[in-house]
Amino acid sequence: MGTYLNDVKASIELTGTGRLQGYVGGSATDLEQCRIISINAHLTGADGEITIQDATTASGDIKIHLKGGSTSNDTFNFNFGGNGVKFDTAPYVTLSAIDSFTAYYG
């Protein structure tokens with residue numbers, strides 16, 4: 001059982017593969033060490049796929065890999081329990097059949 005984060009923020013929407021960003025001091029900034037609590041995605045077709053690696057490029061350990069949805073325009077939501085999934089370096093997101101991705105992190 002986790003302690004549950006109370007300072008959760010929304011990432012900047014990703015429309016393609018790349019580094020997860022958030023607003024820090026009012027400026028868009030690449031996120032570094034954080035915990036992803038939940039995700040929301042909009043699919044462009046069946047079997048949308050999300051892979052999130054712990055790295056600044058698509059080369060690190062895979063921490064999250066999700067696949068879901070049956071048709072275009074489906075919305076895919078997933079909540080991680082407790083303290084979420086910890087990224088020691090940075091979350092790098094690879095998207096397939098998804099045109100909008102937001103993570104909630106702390």
Side-chain angles (χ1 to χ4, degrees):
M1 178 168 312
T3 58
Y4 300 101
L5 298 172
N6 61 7
D7 60 346
V8 176
K9 301 169 191 82
S11 71
I12 295 171
E13 177 189 36
L14 276 177
T15 57
T17 295
R19 285 279 302 269
L20 197 60
Q21 293 189 323
Y23 285 108
V24 178
S27 298
T29 304
D30 287 340
L31 295 178
E32 295 179 350
Q33 192 177 75
C34 68
R35 289 180 181 271
I36 293 180
I37 308 304
S38 65
I39 60 101
N40 173 271
H42 180 263
L43 281 69
T44 59
D47 295 327
E49 190 169 2
I50 301 163
T51 303
I52 309 177
Q53 294 171 268
D54 193 3
T56 58
T57 63
S59 63
D61 292 339
I62 295 173
K63 293 282 191 105
I64 298 171
H65 183 237
L66 301 168
K67 190 172 186 175
S70 59
T71 186
S72 183
N73 293 321
D74 273 358
T75 301
F76 184 64
N77 298 296
F78 195 88
N79 297 310
F80 301 98
N83 287 327
V85 180
K86 183 179 180 191
F87 289 81
D88 293 315
T89 302
Y92 186 88
V93 182
T94 301
L95 302 174
S96 176
I98 292 174
D99 65 358
S100 173
F101 173 87
T102 303
Y104 298 89
Y105 69 96

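Because the structure is a prediction, the values reported are computed rather than measured. These numbers come from the heavy atoms of this one structure, side chains and all, not from hydrogens, waters or symmetry mates.
With rounding to the nearest 0.5 Å, the separation of CD in Glu49 from NZ in Lys67 is 5.0 Å. Rounded to the nearest 0.5 Å, atoms OG1 (Thr17) and CD1 (Ile50) are 10.5 Å apart. Expressed to the nearest 0.5 Å, how far OG1 of Thr89 lies from NZ of Lys63 amounts to 8.0 Å. Residue Leu14 holds its CG atom at 11.5 Å from CG of Asp99, rounded to the nearest 0.5 Å.
Contact detail for Ser38 and Asn79: the closest heavy-atom pair is CB-OD1, 3.0 Å. The nearest pair of heavy atoms linking Tyr105 to Gly22 is OH-CA, 3.7 Å. Taking every heavy atom of both residues into account, Ala90 and Leu31 meet most closely at CB-O, 3.4 Å. The minimum heavy-atom distance between Pro91 and Glu32, with the atom names listed, is CD-O, 3.5 Å. Listed here is the closest heavy atom pair of Ser70 and Ala46: O-CB, 3.4 Å. Annotation for Asn83 and Ile37: closest pair O-CD1, 3.7 Å, computed over non-hydrogen atoms.
Neither side chain, Thr29 nor Ser27, offers a donor N or O lying under 3.5 Å from an acceptor on the other.
His42 has its side chain within reach of Asn73: a pair of non-hydrogen atoms, C-beta onward, lies under 4.5 Å apart. A 4.5 Å side-chain heavy-atom check between Ile39 and Phe76 finds at least one atom pair inside the cut-off. Inter-residue side-chain proximity for Ile36 and Phe78 is flagged as unmet; no heavy-atom pair is nearer than 4.5 Å. Contact check for Thr51 versus Val93: no side-chain heavy atoms found under the 4.5 Å cut-off.
Not a single donor-acceptor pair under 3.5 Å links the side chain of Ser96 to the backbone N or O of Gly48. Not one N or O on the side chain of Ser100 forms a donor-acceptor pair closer than 3.5 Å with the backbone of Ala41. Of the possible donor and acceptor atoms, none in the side chain of Asp61 sits under 3.5 Å from a partner among the backbone N and O of Asp54.
Both the sub-6.0 Å distance and the 45° axial angle are not jointly satisfied by Lys9 relative to the ring of Tyr23.
Ile62 and Tyr92 sit in two unconnected hydrophobic clusters of ILVMFWY residues. Membership requires side-chain heavy atoms under 4.5 Å apart, directly or through other members. Taken together through direct or relayed side-chain contacts under 4.5 Å among Ile, Leu, Val, Met, Phe, Trp and Tyr, Ile98 and Ile52 form part of one hydrophobic cluster. Ile12 and Phe101 end up in different hydrophobic clusters when Ile, Leu, Val, Met, Phe, Trp and Tyr side chains are linked at under 4.5 Å.
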For this session: Output, in order, the C-alpha distance, side-chain angles, deciding distance and verdict of side-chain contact (heavy atoms from CB on, under 4.5 Å) for Gln53 and His65.
Result: CA-CA 9 Å; Gln53 294 171 268; His65 183 237; over 6 Å; no
